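Encoded as structure tokens, the structure appears first; notes follow it.
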Amino acid sequence: MADRPIQGGDGDGGVNGIRTFPFPIELSVGGVGMQVGPMGPHRTWHAAAPLHRVHRIDFHVVMLFDKGPVRHMIDFAEYEAYAGDVLWIRPGQVHRFSRASGYRGTVLTMQPGFLPRATVEATGLYRYDLPPLLHPDTAQLAGLGAALAQLRREYKDTATLPLSLHTAVLRHSLTAFLLRLAHLAASSQEAARGPSDTTFTLFRDAVEKEFATNHSVSAYADTLGYSRRTLVRAVRAATGETPKGFIDKRVVLEAKRLLAHTDLPIGRVGAAVGFPDAANFSKFFQLHAGQTPAGFRAELR
């Protein structure tokens, strides 16, 4: 099958009413849970969702750039990618493509669940604390490029093996590429202070599950069985900030996602992230985001 720019599907899934575009399984070769091919100027997940608008997906996207610079927004932070750079967008993150048509290179998309749990853990597929923009050196880029080229060849070759074996080979080839990518992400300069401490890892995972209802550092410490002082040391060593700052940052991010993606009233957005009183939510949001919830929403509409 000839290469073609990867496109996408439609969907209305997601949490808290956010419209989320699912992995386009019907467009992948053989119906497998991944796609790999060239980036092109006519990219889209769905005609109803222009990519220059903020949107959310439920699958992994990895873009290896041949040219640059390209500006891309992920979770309301702007990243500028150049030739040889990699952008890794994880499920649930909101992002926006630049209006410029400078996206050139190779793009990999992968459906959650395509790889077994052990591989998911080994490759850090859900390490949201790691930076999405990666800068491989010459040797790392050569390794990533070779692994991705092999994966792309296997993806297109649907005639050599039965579908079950073809899928198995794809999983192994994909794992080889992702292990290289995960090593790059964990060892990158931006992630030099990334968490290796189990205390922080448990805290991070607990916050991800409970941030909408639990904003208390002491409550997290009690649940995890650590003293507050131990938790403060672990989080500061991993991130350079306090546990409270880490929690607040996650709450603000989810509030921004809801304000950008839904038409929920401000009060309901606040309630969804743990602020039953709309006035308190507005004060909290303005303190951390530098503008009111209504002002932030208006900028994106």
Side-chain angles (χ1 to χ4, degrees), residues 11-22 54-60 73-77 89-96 112-113 120 124-130 132 195 199-226 228 231-232 234-236 238-239 241-297 299-301:
D12 295 290
V15 296
N16 295 322
I18 295 178
R19 188 179 189 192
T20 301
F21 292 89
V54 176
H55 64 283
R56 195 175 195 172
I57 53 178
D58 76 349
F59 50 94
H60 291 269
M73 187 277 281
I74 303 174
D75 275 339
F76 307 101
I89 307 164
R90 290 169 168 83
Q93 292 186 304
V94 298
H95 69 132
R96 178 181 61 212
V120 169
L125 290 186
Y126 295 94
R127 285 285 304 276
Y128 288 91
D129 56 294
L130 294 177
T199 303
F200 172 76
T201 301
L202 292 173
F203 171 72
R204 180 196 68 208
D205 293 346
V207 170
E208 188 61 32
K209 293 177 182 177
E210 301 176 23
F211 70 86
T213 56
N214 183 5
H215 301 167
S216 168
V217 176
S218 296
Y220 282 108
D222 290 344
T223 299
L224 296 173
Y226 297 115
R228 185 184 178 98
L231 193 59
V232 169
V235 175
R236 193 178 294 279
T239 68
E241 59 189 0
T242 65
K244 180 59 175 171
F246 185 88
I247 296 166
D248 288 347
K249 183 180 291 185
R250 183 64 183 89
V251 172
V252 170
L253 172 59
E254 195 66 20
K256 286 181 174 180
R257 288 173 172 175
L258 291 168
L259 290 167
H261 279 277
T262 75
D263 293 320
L264 289 173
I266 302 299
R268 288 187 61 189
V269 172
V273 294
F275 288 88
D277 182 83
N280 285 340
F281 168 65
S282 292
K283 291 178 182 177
F284 169 85
F285 188 90
Q286 186 161 11
L287 175 65
H288 292 279
Q291 58 187 144
T292 65
F296 176 82
R297 172 175 275 172
E299 283 189 355
L300 297 175
R301 298 299 171 92

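Note that the structure is a prediction, hence the values are computed from the model and not measured.
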Compile the donor-acceptor pairs under 3.5 Å between side chains in residues 282-294 and protein atoms, sequence neighbours left out, one pair per line.
| from | atom 1 | to | atom 2 | distance (Å) |
| --- | --- | --- | --- | --- |
| S282 | OG | A278 | O | 3.2 |
| Q291 | NE2 | E299 | OE2 | 3.4 |
| T292 | OG1 | G295 | N | 2.9 |

Closest non-hydrogen atom pair between R297 and T262, with its separation: NH2-O, 3.0 Å
R56 (side chain) donor-acceptor with V94 (main chain) under 3.5 angstrom: no
Check ion pair R250-E254 (N to O, under 4.0 angstrom): yes
Flag side-chain contact, heavy atom, 4.5 Å: R268 against L258: no
Lys/Arg N to Asp/Glu carboxylate O, R257 vs D75, below 4.0 Å: yes
Heavy-atom pair with the smallest gap, counting every atom of G274 and P276: O-CD, 3.4 Å
Over all atoms of both residues, closest heavy-atom pair of Y220 and N214: OH-O, 2.8 Å
Spacing of L231 atom CG and Y226 atom OH [to the nearest 0.5 Å]: 8.5 Å
NE2-CZ distance between H60 and R90, expressed to the nearest 0.5 angstrom: 7.0 Å
Among V235, T223, V217, side-chain contact (heavy atoms from CB on, under 4.5 Å) partner for F203: V235
N/O donor-acceptor pair under 3.5 Å between Y126 side chain and V120 backbone: no
Side chains of residues 242-249: which donor-acceptor partners sit under 3.5 Å, not counting sequence neighbours?
| from | atom 1 | to | atom 2 | distance (Å) |
| --- | --- | --- | --- | --- |
| T242 | OG1 | G245 | N | 2.9 |
| K244 | NZ | H215 | O | 3.2 |
| K244 | NZ | D248 | OD1 | 3.3 |
| K249 | NZ | E241 | OE1 | 3.3 |

Test salt bridge (charged side-chain N to carboxylate O under 4.0 Å, His left out) applied to D58 - qualifying residues, sequence neighbours left out: none
